[in-house]
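What follows is one structure encoded as structure tokens, with my remarks underneath.
Every chain is numbered from 1, with letters handed out A, B, ... down the list of sequences. Side chains are part of it too, since the values below use all heavy atoms of this structure and drop only hydrogens, waters and symmetry mates.
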Amino acid sequence: MFIPTLKESPADSEVISHKLMVRAGMIRQLAAGIYSTLPLGLRVLRKVEQIVREEMNRIGGQEVFMPSVQPAELWMESGRWSLYGKELLRIRDRHDREFCYGPTHEEVITDIVRKEIKSYRQLPALFYQIQTKFRDEVRPRFGIMRGREFMMKDAYSFHVSEDSARETYQDMIDAYSNIFRRCGLDFKMVEADTGTIGGHHSHEFVVLADSGEDAIGFCDSCDYASNMEKAAARAPAPPANPEEPAPLKEVSTPNKKTVEEVSRFLGVSPQKILKTIVFETDAGLVAGLVRGDRQVNPIKLKNLIGCEWLHPAEEKAIAEKTQAPRGFVGPVKLPIKIYADPEVPLPRNMVAGANKMDAHYTGVQAGRDFSIEKTGDIRMVEEGEPCPKCDRGRYKIRRGIEVGHIFILGTKYSAPLKAQYLDAQGKENAMVMGCYGVGVGRTAAAAIEQNHDEKGIVWPLPIAPFQAVVIPVNYAVDAVKDASDKTYDTLWSLGVETLLDDRSDRLGVKFNDADLIGIPLQIVIGPKNLESGKIEIKTRKTNQSGLHDFPDVLQKIPEMLKGL
RNA sequence: CGGGAUGUAGCGCAGUUUGGUAGCGCACUUCGUUCGGGACGAAGGGGCCGGAGGUUCGAAUCCUCUCAUCCCGACCA
């Protein structure tokens, strides 16, 4: 088998899974975020795929295979042709017709279903596929973990009702839990924002790893867990001793722009300063107001406003509306809508920018000095703060790799694409949809992140490319060759996927490569042990080895594997 | 898309400051000796120094442009 291992990691790799996949001869890079999968790597992907298939089939999923190249019209119909942005790789054919390389397949599956499924009697329906997707990521990185082209399982369900969708959603939760458990992963299911896919109910499956790109918050006491995009803050308790309202007063704060500078200059704690961040949105400029020691969570803010998009406003746009440079913006007499965190309107005297250069107000009171358009949780939560769900828990914040994401979409696609069914009363309704993704390559990479040591990969048995590797000490010695070949053949006949290292390299090379590619069981066959009828069996994970009778032990190997 | 860095043999790198026609380690080929944890010796093969243009008698080296890749940030199922 072609397994081009490397002693040194390529210079352009950063995370451990990327280094090890390249070193183990699983993948090679072709362009930024685009990888070829070599034989060993493919065997792992196929293992993950097979587990996914089994779990999808178990809950009634039917496998399909949809085109990777999709016509623009379909995307225009759903509205995403203009919404999706540069991440969508757009291409033209020879007739100058527009297409895209599919980043996901809601449009295509919905097109199939709207044409073929007409009656409530045909619902619910659940389809899935395992396909290569392309998303033209701004910055691909971390090897196969954040590639532009990647293998993904995507599933789509169609229902007559929200309740029905929720049933399938629950099935998916079970299936996904099985998938990631079977892949040997330590994962968490967390509440998530729906992002550009849309919908209103969503969970991510996240593998805890320091190299992960997602931050997640979870309770150290109950089962609450959420992506930091969404992690809820517990409603603030009103202060025990409300402060006597002080008059609004302007104070000079020359060149004090940051919360920290103002806090030090005026001798007030950051908690008593109002942080005013101006955002540009499709609904115009808005201000997000949080306590000085907090951070605005733009996604929560966007959801509170109910707008399509939002980003921090340019200095120029701020100046036009407020006559104040950044750092001196405040809510008092601010001519734009104010959205505030619940910590803001508590009865306290606050400090805020005076909307003019080098000045702040003290004694600011929400309600009296400015009015709030809408109050809601719009801040980032922090490590150690109280859990929003239970009374005892505290937030923990960790990084993780998103390996699965499930959504209830509602009618976001079925309505514009007119995927309708006739109900029992003969009335037309839009189907309720759900969609469910698993990053296949990312799951394999995540498994490496969680299962490796200084020598290389330590594959969990279910996704190991092979279960055993036969290492002849010297394949040129007839007795060793015969015993090795016999072991190899016997193991395959016993259903053990086995690799035979028949290279003429020195033993050390073979051992090191075997450790690197992480096959769970190493079977070492050498002339000395063979003379006394023994072979050596070593487990990769524990590095423990023992001598066993040859060939009798071969029959016991399937049993030994079960114990791993 | 902003900031930073790097492109020299299959891989990892030196050489660039101070211009003189390319080197080291690993890998590869051949021979010999080795052979239970990345062997040793000898002899070899392989690079128009990312690309284009310019300066110069002469450019891997200096200048301009360009492309690629990586890192940080912004963004993101």
Side-chain angles (χ1 to χ4, degrees), chain A residues 4-15 18-19 22-23 25 28-34 80 83-88 102-106 131 133-143 145-148 150-156 192-199 202-206 213-215 227 229 298-299 309-312 314 401-407 409 435-440 442 455-456 471-477 480 501 503-516 522 524-531 534-536 538 543 545 547:
Chain A
T5 56
L6 300 173
K7 281 188 195 176
E8 297 178 276
S9 300
D12 56 8
S13 62
E14 192 65 18
V15 296
H18 184 199
K19 289 181 188 182
V22 174
R23 284 227 292 140
R28 286 293 184 265
Q29 182 174 41
L30 181 64
I34 301 178
R80 287 208 294 182
L83 279 177
Y84 217 95
K86 288 190 179 172
E87 202 176 301
L88 184 64
T104 173
H105 285 70
E106 281 83 6
Q131 238 284 23
K133 314 282 189 196
F134 194 97
R135 295 183 191 167
D136 200 355
E137 297 276 353
V138 189
R139 182 144 104 82
R141 64 185 116 175
F142 300 156
M145 220 144 85
R146 177 81 183 272
R148 291 194 291 174
F150 56 97
M151 194 68 85
M152 175 169 161
K153 185 282 303 181
D154 47 323
Y156 306 91
D193 189 70
T194 54
T196 50
I197 291 281
S202 173
H203 284 87
E204 284 174 358
F205 288 78
V206 176
E213 293 190 276
D214 269 21
N227 191 300
E229 292 175 345
I299 293 171
W309 55 266
L310 154 160
H311 59 79
E314 306 279 328
I401 302 161
E402 179 191 357
V403 289
H405 201 155
I406 60 179
F407 303 77
L409 297 171
C435 79
Y436 321 89
V438 170
V440 172
R442 197 182 267 191
K455 304 220 93 177
I471 304 172
V473 168
N474 188 340
Y475 199 61
V477 173
V480 173
D501 191 346
R503 296 176 300 174
S504 59
D505 290 78
R506 300 170 72 83
L507 227 214
V509 173
K510 294 193 263 196
F511 279 148
N512 281 306
D513 277 351
D515 287 343
L516 175 62
Q522 299 176 5
V524 185
I525 300 180
K528 286 179 202 154
N529 287 330
L530 222 43
E531 274 172 27
K534 303 281 188 184
I535 59 175
E536 183 182 340
K538 190 180 102 176
N543 204 35
S545 64
L547 293 178

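If you measure from atom NZ of Lys133(A) to atom C1' of rC76(B), you get 16 Å, rounded to the nearest angstrom. Protein atom CD of Glu137(A) is 17 Å distant from nucleotide atom C1' of rC71(B), rounded to whole Å. When the C1' atom of rC75(B) is taken as reference, atom CZ of Arg146(A) falls 8 Å away, rounded to whole Å. Straight-line distance from the CZ atom of Phe150(A) to the P atom of rC76(B): 15 Å, rounded to whole Å. One atom, CD of Glu536(A), and another, C1' of rG37(B), lie 11 Å apart when rounded to the nearest Å. One interatomic measurement links the two molecules: CG of Leu507(A) to P of rU34(B), which rounds to 18 Å at whole-angstrom precision. For the pair His311(A) NE2 and rG2(B) P, the computed distance is 16 Å after rounding to whole Å. The distance from atom NZ of Lys7(A) to atom P of rG37(B) is 15 Å, rounded to the nearest whole Å.
For the pair Val438(A) and Asp154(A), the minimum side-chain heavy-atom distance is 4.5 Å or more. A heavy-atom distance below 4.5 Å is found between the side chains of Tyr156(A) and Thr104(A). Between Val22(A) and Leu6(A) the shortest side-chain heavy-atom distance falls below 4.5 Å. Counting heavy atoms from C-beta outward, Cys435(A) and Glu106(A) have side chains that approach closer than 4.5 Å.
Remark: rC57(B) base-pairs with rG20(B). Criterion, Watson-Crick or G-U wobble with two distances under 3.5 Å. Taking a pair to require two hydrogen-bonding distances under 3.5 Å in either a Watson-Crick or a G-U wobble arrangement, rG32(B) pairs with rC40(B). With a 3.5 Å ceiling on both atom-pair distances, the Watson-Crick or G-U wobble partner of rG25(B) is rC11(B). Searching all strands for a Watson-Crick or G-U wobble partner of rA5(B) with both distances below 3.5 Å returns rU69(B). Of the nucleotides present, none pairs with rC48(B) by Watson-Crick or G-U wobble criteria with both distances under 3.5 Å.
Taking atom C1' on both rG45(B) and rC26(B), the two are 16 Å apart, rounded to the nearest angstrom. rG53(B) and rU16(B): their P atoms are spaced 26 Å apart (whole Å). Rounded to whole Å, the separation between the C1' atoms of rC62(B) and rG20(B) comes to 14 Å. With C1' as the reference atom, rC13(B) and rA74(B) are 33 Å apart, rounded to whole Å. Straight-line distance between the C1' atoms of rG12(B) and rG44(B): roughly 22 Å, to the nearest whole Å. rU18(B) sits 48 Å from rC76(B) when the C1' atoms are compared, rounded to a whole Å. Look at the C1' atom in both rG37(B) and rU30(B): the space between them is 27 Å, to the nearest Å. rG2(B) and rU55(B) have their C1' atoms separated by 33 Å, given to the nearest Å.
Mapping Asp193(A) and Lys455(A) onto RNA chain B by nearest heavy atom places Lys455(A) at the nucleotide closer to the 5' end. Each of Ala31(A) and Ile525(A) was matched to the nucleotide of RNA chain B holding its nearest heavy atom; the match closer to the 5' end belongs to Ile525(A).
The side chain of Asn512(A) lies closest to rG37(B), out of rC71(B), rC76(B), rG37(B). Which of rG36(B), rU69(B), rG73(B) sits closest to the side chain of Ala32(A) comes down to rU69(B). Listed nucleotides rC75(B), rG36(B), rG38(B) differ in distance to Asn529(A); the shortest reach to its side chain belongs to rG36(B). Side-chain atoms of Arg139(A) lie closest to rG73(B) of the nucleotides rC76(B), rG37(B), rG73(B). Picking from rG37(B), rC26(B), rC72(B) the nucleotide with the shortest atom distance to the side chain of Arg141(A) gives rC72(B).
The distance between the ring centers of Phe407(A) and His405(A) falls below 6.0 angstrom.
For rA39(B), one of the phosphate oxygens OP1 or OP2 lies less than 4.0 angstrom from a side-chain nitrogen or oxygen of Arg506(A).
Look at Lys510(A) and Asp505(A) and you find no salt bridge, because none of the NZ, NE, NH1 or NH2 atoms lies under 4.0 Å from a carboxylate O. The existence of a salt bridge linking Glu14(A) and Lys19(A) is excluded, since no basic side-chain nitrogen approaches an acidic carboxylate oxygen closer than 4.0 Å.
Using a 4.0 Å heavy-atom distance criterion, Glu402(A) is classed as a base contact. Residue Gly439(A) is classed as a base contact, given a heavy-atom separation below 4.0 Å to a base. Within 4.0 Å (heavy atoms only), Lys538(A) reaches at least one base atom of the nucleic acid. Asp505(A) comes within 4.0 angstrom of nothing in the nucleic acid, heavy atoms only.
Side chain of Arg148(A) to backbone of Ala32(A): a donor-acceptor contact under 3.5 angstrom is found.
Side-chain atoms of Asn227(A) and Asp193(A) form no donor-acceptor pair, as typed in the model, at a separation below 3.5 Å.
The base of rG36(B) has none of its N or O atoms less than 3.5 Å from a complementary donor or acceptor on the side chain of Asn474(A).
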In B/S/- notation (B base, S sugar-phosphate only, - none; protein heavy atoms under 4.0 Å), nucleotides 8-13 of chain B written 5' to 3' is ----SS
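Partners of Arg23(A) under the salt bridge (Lys or Arg N to Asp or Glu O under 4.0 Å) rule, at least two apart in sequence or in another chain, do not exist in this structure.
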